[in-house]
Amino acid sequence: MLARDDQDSRKRTPLHGLHVSLGGKMVPFAGYDMPVQYPAGVLKEHLHTRNAAGLFDVAHMGQIALRPKSGRVEDAARALERLVPQDIVAIAPGRQRYAQFTNADGGILDDLMVANFGDHLFLVVNAACKEADEAHLRANLSGDCGVDSLTDRALIALQGPKAEAALAKLCAEAPAMKFMDSGPRKVAGLDCFVSRSGYTGEDGFEISVPAADAERLAKALLENPDVLPIGLGARDSLRLEAGLCLYGHDIDTATTPVEAALEWSVQKSRRSGGARAGGFPGAEKILAHFDNGAARRRVGLLAQGRAPVREGALLFADSAGGEPIGQVTSGGFGPSLNAPVAMGYVPTASSALGTQLFAEVRGQRLPVAVAAMPFVKNTYKR
């Protein structure tokens, strides 16, 4: 049982009191005291998000404003391109893009969202990496940009097919937004930043709100019977079904974007022969992977039984004998599929769809097949 002083040492988001009042089961996550589930349970929370709308507290994540000292947002974009392999200059005002901070070996320091707010860039980074990310930005970009950690803001995600209707009652502009639109919007009269994006594979929104107003906004959304609070357990199973990476598990400092099957996130302008090819940490290795292929690749895996294949399970080419050829990085039960789902890394030669592999679970090798991701079709409003 967790000692009281250990629990008290965890950081709390502005919605902590609301989670407790709603019966949230609180657990440690990235240094925070966060709800893993509510009384409805993970399975019902997951399916409710797929069928209606779920409200997630993601205020533990980092929000950073990157402000160009020149006053020209394109200068902030060019500066940020020194740290990420994505085309930041091409992000139009009011739009956002998925990116990765890379290291000198081509590995991923963190993945993040980058939005163009017209006069500055707005970044959302992972909770466990946010202090390191901020230090990384300051160390490398402070000559060109001001780096402001927006610690006075919370972040709420509203996800699911009924998210638009729920948010439209508080934000008249919500229905007109398309997937990856992002920028300042009024929500319930509050000055928010709203993006049409998320981490579930469903249509939905992420709402940055002043921390002091976060609970009021969350309660206003929860007044809608279509909206239920959702914990970290269902957040994980939803993103796994959507084939989305979890930093520190499916991607890390030893994984390149190509190995991670994230080629789609690196635009042609930054690849070999592009207008601004390279110029980011690890470019030589990453571009070599684009040009020549990588030795391993992240793949989806479907078990051919009912037993979930969990993170850490070793993957083999044969049902008996031989050395492991890969490892599962995320795995569990997919409630929408009513079947186990997983992802992991295998040699590229073994990454073709339908390839038969075997996962070691409690000393037994269970058959799994390489499968297409996402496991559940996404419903983004494009």
Side-chain angles (χ1 to χ4, degrees), residues 56 58 61-66 76-77 80-103 106-117 121-130 133 136-137 155 157 159 177-183 193-208 235 238-253 255-271 274 276 280-283 286 289-290 298 300 329-330 343 373-374 378-382:
F56 302 77
V58 286
M61 298 184 73
Q63 301 179 62
I64 299 171
L66 198 61
L80 186 56
E81 284 189 1
R82 301 202 298 264
L83 301 181
V84 304
Q86 281 71 32
D87 186 339
I88 306 301
V89 172
I91 304 174
R95 296 285 293 166
Q96 73 173 8
R97 175 163 283 171
Y98 173 71
Q100 306 97 34
F101 289 125
T102 53
N103 64 21
I108 299 171
L109 295 171
D110 195 13
D111 59 343
L112 66 151
M113 301 300 297
V114 183
N116 181 344
F117 278 10
L121 300 178
F122 173 66
L123 282 53
V124 177
V125 301
N126 284 304
C129 304
K130 61 184 179 183
D133 289 346
H136 186 53
L137 289 164
L155 195 64
Q159 300 282 295
M177 296 179 72
K178 301 292 187 186
F179 180 59
M180 296 299 242
D181 281 353
S182 181
F193 310 145
V194 181
S195 69
R196 193 155 197 163
S197 60
Y199 193 50
T200 62
E202 295 294 331
D203 181 27
F205 303 84
E206 293 193 342
I207 308 160
S208 171
R235 181 172 166 84
L238 288 159
R239 70 92 193 167
L240 177 56
E241 286 186 344
L244 299 172
C245 295
L246 176 62
Y247 188 78
H249 299 257
D250 309 297
I251 51 176
D252 55 28
T253 56
T255 309
T256 73
V258 177
E259 290 174 321
L262 298 174
E263 295 99 325
W264 58 268
S265 73
V266 180
Q267 291 71 35
K268 289 182 180 179
S269 62
R270 306 302 309 280
R271 301 188 196 181
R276 295 187 310 287
F280 50 85
I286 292 170
H289 279 181
F290 270 107
R298 179 175 66 96
T329 53
S330 286
M343 62 174 80
M373 295 186 289
N378 65 51
T379 61
Y380 307 137
K381 182 178 176 181
R382 299 191 184 272

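For R271 (side chain) and V266 (main-chain N/O), a donor-acceptor pair under 3.5 Å exists by modelled atom type. No donor-acceptor pair closer than 3.5 Å links the side chain of R97 to the backbone N or O of M113. Side chain of E81 to backbone of V89: a donor-acceptor contact under 3.5 angstrom is found. Panel note: side chain T102, backbone G107; no donor-acceptor pair is recorded below 3.5 Å. Between the side chain of Y98 and the backbone N or O of V114 there is no donor-acceptor pair closer than 3.5 Å. N116 contributes a side-chain N or O that, together with a main-chain N or O of I91, makes up a donor-acceptor pair within less than 3.5 Å. Side chain of Q63 to backbone of M61: no donor-acceptor contact under 3.5 angstrom is found. N126 places no side-chain N or O within 3.5 Å of a backbone atom of C129 that could act as its donor or acceptor partner. A donor-acceptor pair is defined here as one N or O able to donate and one able to accept, closer than 3.5 Å; such a pair exists between the side chain of Q86 and the backbone of S265.
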Problem set entry | Derivation and outcome, side chain to side chain contact (heavy atoms under 4.5 Å, CB included), residues L246 and Y199 | CA-CA 10 Å; L246 176 62; Y199 193 50; 3.7 Å; yes
Exercise. Can D250 and R239 be said to form a salt bridge (charged side-chain N to carboxylate O under 4.0 Å, His left out), step by step?
Worked result: CA-CA 12 Å; D250 309 297; R239 70 92 193 167; 2.8 Å; yes
Exercise. What's the verdict on salt bridge (charged side-chain N to carboxylate O under 4.0 Å, His left out) for E259 and R298, showing C-alpha distance, side-chain angles and the deciding distance?
Worked result: CA-CA 6 Å; E259 290 174 321; R298 179 175 66 96; over 6 Å; no
For this session: Please assess I64 against L137 for the test side chain to side chain contact (heavy atoms under 4.5 Å, CB included), listing each intermediate value before the final yes or no.
Result: CA-CA 10 Å; I64 299 171; L137 289 164; 3.9 Å; yes
Exercise. What's the verdict on side chain to side chain contact (heavy atoms under 4.5 Å, CB included) for D133 and F101, showing C-alpha distance, side-chain angles and the deciding distance?
Worked result: CA-CA 8 Å; D133 289 346; F101 289 125; 3.8 Å; yes
Problem set entry | Derivation and outcome, side chain to side chain contact (heavy atoms under 4.5 Å, CB included), residues L109 and T253 | CA-CA 5 Å; L109 295 171; T253 56; 4.1 Å; yes
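A pairwise comparison of heavy atoms in F205 and V194 identifies CD2-CG1, 3.9 Å as the closest pair. Residue A260 comes nearest to T255 through the heavy atom pair CB-CG2, 3.9 Å, listed as atom of the first residue, atom of the second, then distance. Minimum heavy-atom separation, R95 to F179: NH1-O, 2.7 Å. Taking both residues in full, the closest heavy atoms of S330 and L240 are given as CB-CD1, 3.9 Å, listed atom of the first, atom of the second, then distance. When every heavy atom of F280 is checked against every heavy atom of V84, the shortest pair comes out as CB-O, 3.5 Å. Minimum heavy-atom separation, Q267 to D87: OE1-N, 2.9 Å.
Between M343 atom CE and L244 atom CG the span is 7.0 Å, to the nearest 0.5 Å. Note that CG of L262 is 6.0 Å distant from CD1 of I251, once rounded to the nearest 0.5 Å. Atom CD of residue Q159 and atom CG of residue L238 lie 8.5 Å apart, to the nearest 0.5 angstrom. For the atom pair E206 CD and S195 OG, the distance stands at 5.0 Å (nearest 0.5 Å). The CG atom of L83 lies 11.5 Å from the CG atom of N103; values are rounded to the nearest 0.5 Å. Taking OG1 from T200 and CG from N378, the interatomic distance works out to 9.5 Å, rounded to the nearest 0.5 Å.
Looking at L121 and L80, their side chains come closer than 4.5 Å, going by heavy atoms from C-beta outward.
Y380 is linked by a side chain to side chain donor-acceptor pair (under 3.5 Å) to nothing, counting only residues two or more places apart in sequence or in another chain. Listed by chain and number, the residues in a salt bridge (Lys or Arg N to Asp or Glu O under 4.0 Å) with K381 are E164 (sequence neighbours excluded). When the salt bridge (Lys or Arg N to Asp or Glu O under 4.0 Å) test is applied to D110, no partner is found at least two apart in sequence or on another chain.
Side-chain contact, H249 with T329: no donor N or O sits under 3.5 Å from an acceptor N or O.
Checked against T256 for a side-chain hydrogen bond (donor to acceptor under 3.5 Å, both in side chains), the options Q100, E263, H289 give a single hit: H289.
Taking the six-membered ring where tryptophan is involved, the planes of F193 and F117 are perpendicular, since the angle between them exceeds 60° and thus also 30°.
Ion pairing between a basic and an acidic side chain is recognised when a charged N comes within 4.0 Å of a carboxylate O; R196 and D203 show such pairing.
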